[in-house]
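Read the numbers this way: they start at 1 and go in the same order the structure lists the ligands and their atoms.
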Amino acid sequence: MLRFGQIKEGDGLMKMKITILCENTVGRRVGLGEHGFSALIETDQGNYLFDTGSGHSVVRNSLELNKDLRTLKKIFLSHGHFDHSGGLPEVLKVRGKVDVHAHPDIFLDRVHLIRENGKETSKFIGLPYKRKYLESLGANFIFNTDFTEVEKGIFLTGEIPRKTLFEKPDPTLFSEIEGKSVQDKFSDDQSLILETEKGLILILGCAHSGLINIIHHVIHKTGREKFYAIVGGTHLDFLTPNQLEETIEVLKKMDIERIGAAHCTGMRAAFRLSQEFGERFFYGHVGSTLEM
Ligand SMILES: [Fe+2]
Ligand SMILES: [Fe+2]
């Protein structure tokens, strides 16, 4: 049951703290950086993990940041890329049996086509573990394809309709479907929405379906236009300068209080966002927090 539209100001929405556990950079002399993303969400109704990084830093950083992964109520995976899902076994070894919410396509084989110095190489970048192995460690997979309320006030976007003309897929990313390599559609790319008294918080994995497409879908599904924060990977640095600028133009017209870029946003795009959004911008490195 959706609660959107039924909530009035001061209706006792949950309190929460978001801590970036895994990210490409370290900013507070604590933790280890890696190519990946993971965010811990502590609330007064339980603790949740959104993505798990690639596996090198999630447990280590949780210990350094005094976060106990044994308390996790649920895990959410944004998509099947190794840098978001590869830490799942490490988390499961600490947590044991737990619900893992994701789109069924997380198990597709994924490749990254790299062209360098006239050479073309293809690198496997999908979820590096079989479903049965993850289940043997305690993962109880719960799959969704549509917008879903997973806990009171916590929602997964489900599949994102591609509507904007300027948001193009990354041409170097492929998935293997029935033995054929096809441009990755990223049906599994989903984001997490938290309902707070200051507005929605949107947590992104890599935003492969387009940051603006995702925001439009969230507005459409929730009927809410006020975002307290948007945090996570935006993939903006892997795309064209035009897509970055068009995205910024649309973001400027939206009601977004804070933008916490991280991970696949990349430095160039993060600098542009910082330039445009000033004090409203922050970088989501390992140990960054957002509290309300
Ligand atoms: Fe990523
Ligand atoms: Fe990704």
Phe76 vs Tyr48 aromatic rings, parallel, tilted or perpendicular, using cut-offs 30° and 60°? parallel
Does the plane of the ring in Phe143 sit parallel, tilted or perpendicular to the ring in Phe141? Use 30° and 60° as the thresholds. parallel
What is the name of the N/O/S atom of His84 that is nearest to the Fe ion (ligand 1)? NE2
Answer key: the N, O or S atom of His263 nearest to the Fe ion (ligand 1) is NE2
Establish whether Leu194 and Val231 are linked, either directly or via other cluster members, by ILVMFWY side-chain heavy-atom contacts under 4.5 Å. yes
Please check if any side-chain donor atom of Asp188 sits under 3.5 Å from a side-chain acceptor atom of His103, or the reverse. no
Mutual orientation of the aromatic rings belonging to Phe82 and His35 [parallel < 30°, tilted 30-60°, perpendicular > 60°]: tilted
Closest approach to the Fe ion (ligand 2) by His208, given as the N, O or S atom name: NE2
Tell me whether the Fe ion (ligand 1) has His235 as a neighbour, meaning an N, O or S atom of it below 2.8 Å. no
Mind checking whether the Fe ion (ligand 2) has an N, O or S of His81 under 2.8 Å? yes
If you have a sec, read the angle at the Fe ion (ligand 2) from Cys206 atom SG over to His79 atom NE2, to 10 degrees. 90°
What is the name of the N/O/S atom in Asp83 that sits closest to the Fe ion (ligand 1)? OD2
Plane angle bin for Phe50 and Phe37 - parallel if under 30°, tilted between 30 and 60°, otherwise perpendicular: perpendicular
